[in-house]
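Everything below concerns the one structure shown next.
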Amino acid sequence: MRRVIQMEGNPSTAIKLDWLPEDLEGVALRLARVDQSAFEIGDLAMRWSMHPPVELRQLRRRNGEAELVVSEIHQVPPLLWLLFSEAISHLRASLDNVLWYIVSLEHEEISDSVARRVAMPIHRDAHSLSRWLKARVEDGLHVFREDGPVAKRLRELQPFATTPARIPSNNPTLAAMLGCEVEDAHPLLLLQGYSNDDKHRAIRIAVERERGGPTDQSPSDQGWFRELKVGDVVSTTRWGEPLVYESSAAALVERPSPYSALVAPATEVALLHGWVATVAVPYLVQGTPHLTGLPYQVELSDSAGSNRDRLLAGGGVSALERLRKLTTDRLTAARSATPTFPPTSHEDDEPYAR
């Protein structure tokens, strides 16, 4: 059976890949999968959040008060952290693939033991990187000599660079509204940390977190996401006095040490993808960032054409941009939904009485 899938790119974005060697087309496909994963993570997290994952119950007290109590919290779908883990693996491997390509251009025969030591170096200070470069030269890889172009490019991408890259933990404007600090992290240290954590334990997803409050509160009054557990009281009023309570649960990923922020996993993956695809990979290959970068949406399943054809037909709209419209539509639908009345328990009932 003959089947052809027509791939339609974004007409407003011209994909230019004249700088990308054929041997690195696989890297571009990896990165397209990362963008796809970022979208899937965001979509899955939103659908989980709208379930809703936090179930509430009214607890009527003898003193005439009514408390809104957390009665159940639904687990975040395991697919979310599995997709996050996959994306981190592809991002890390993309950098290693590019560096191996550069080395293989200069060195035709490399022993297996030396080959295993060729990976994207990540160092917090210039001295540590210099030692790594010297060790690779001693392995016979002169491409890593201190005064060479590869060493220069590697230095410029490190956390200690003069103008290091930064991935914010939250949108600065939103953080200012909510009274939160923004944690800036270097993308290489994030990739290293997430990858190392994933080798020893599952990447931690903080699931029992919610932001909410009466609708007459401003965002700054409501505060940022707080951890919830079954039995927590989220709102109190007098029995018989209606109070509209709005809430928004979120699945957040905990950044690896030395960082500590809880971040939206789809945004974290998308920002890391943006740096790798538009800064790190082009800079390693040609010495200057290629602002148009690589295509985001690429047909990765069965289709006609070569890998280059797939890439040139790719879309120029990032996962974050695609998620924005989806988020707006779902929030509009959620806000227009009819309020529900949670079931009621009394003070003598268990397990909700304290």
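Atoms considered below: every heavy atom in the structure, side chains included; atoms not considered: hydrogens, waters and symmetry mates.
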Could you give the distance from CH2 (Trp132) to NE2 (His123), rounded to the nearest 0.5 Å? 7.0 Å
So, does Ser169 use its side chain to make a donor-acceptor pair with the main chain of Val263 at under 3.5 Å? no
State plainly whether the residues Arg330 and Asp43 are in salt-bridge range, i.e. N to O under 4.0 Å. yes
Residues Gln158, His186; criterion side-chain contact (heavy atoms from CB on, under 4.5 Å); working and verdict: CA-CA 8 Å; Gln158 297 298 311; His186 193 277; 5.8 Å; no
Ignoring hydrogens, what is the shortest heavy-atom contact between Ile122 and Leu188? Give both atom names and the distance. CD1-O, 3.6 Å
Please step through side-chain contact (heavy atoms from CB on, under 4.5 Å) for the pair Leu284 and Leu154, ending with a clear verdict. CA-CA 7 Å; Leu284 285 172; Leu154 290 174; 3.9 Å; yes
Whether Arg155 side chain and Leu129 backbone form a donor-acceptor pair below 3.5 Å: no
Trace of the side-chain contact (heavy atoms from CB on, under 4.5 Å) decision for Leu157 with Met120: CA-CA 10 Å; Leu157 294 174; Met120 181 68 185; 4.0 Å; yes
Is there a donor-acceptor contact under 3.5 Å from the side chain of Asn196 to the main chain of Gly193? no
Does the pair Arg136 and Leu133 meet the rule for a side-chain contact (heavy atoms from CB on, under 4.5 Å), with working shown? CA-CA 5 Å; Arg136 299 294 75 77; Leu133 292 169; 5.8 Å; no
Classify the angle between the aromatic ring planes of Phe84 and Tyr194 as parallel (below 30°), tilted (30 to 60°) or perpendicular (above 60°). perpendicular
Smallest separation among heavy atoms of Ala266 and Ile41, with atom names: N-CG2, 3.7 Å
Salt-bridge test for Glu146 and Lys134: reply yes if a basic N is under 4.0 Å from a carboxylate O, no otherwise. no
CG on Asp147 to NZ on Lys152, rounded to 0.5 Å: 13.0 Å
Measuring from atom CD of Gln58 to atom OG of Ser345, what distance do you get when rounded to the nearest 0.5 angstrom? 9.5 Å
Whether over 12 other heavy atoms sit under 6.0 Å from Glu321 CD: yes
Closest non-hydrogen contact found for Val27 with Ser94 is CG1-CB, 3.9 Å
Closest approach of Arg255 and Asp184, non-hydrogen atoms and distance? NH1-C, 4.4 Å
Arg116 with Asp112: basic N within carboxylate O range, under 4.0 Å: no
Can any side-chain N or O of Asp139 pair as donor or acceptor with the backbone N or O of Leu141 at less than 3.5 Å? no
Hey, are Arg310 and Glu25 close enough for a salt bridge, meaning a charged N less than 4.0 Å from a carboxylate O? no
Any chance you could measure Arg61, atom CZ, to Glu67, atom CD, to the nearest 0.5 Å? 4.5 Å
Looking only at heavy atoms, which two atoms of Pro295 and Leu311 are closest? And how far apart? CG-O, 3.4 Å
Between the NE2 atom in His273 and the CG atom in Asp35, the distance rounded to the nearest 0.5 Å is 5.0 Å
Closest approach of Arg322 to Val317 (non-hydrogen atoms, all atoms of both residues): NH1-O, 2.6 Å
When rounded to the nearest 0.5 angstrom, what distance separates CH2 in Trp275 from CG in Leu190? 10.0 Å
Check: Glu183 main-chain N/O paired with Glu181 side-chain donor or acceptor under 3.5 Å: no
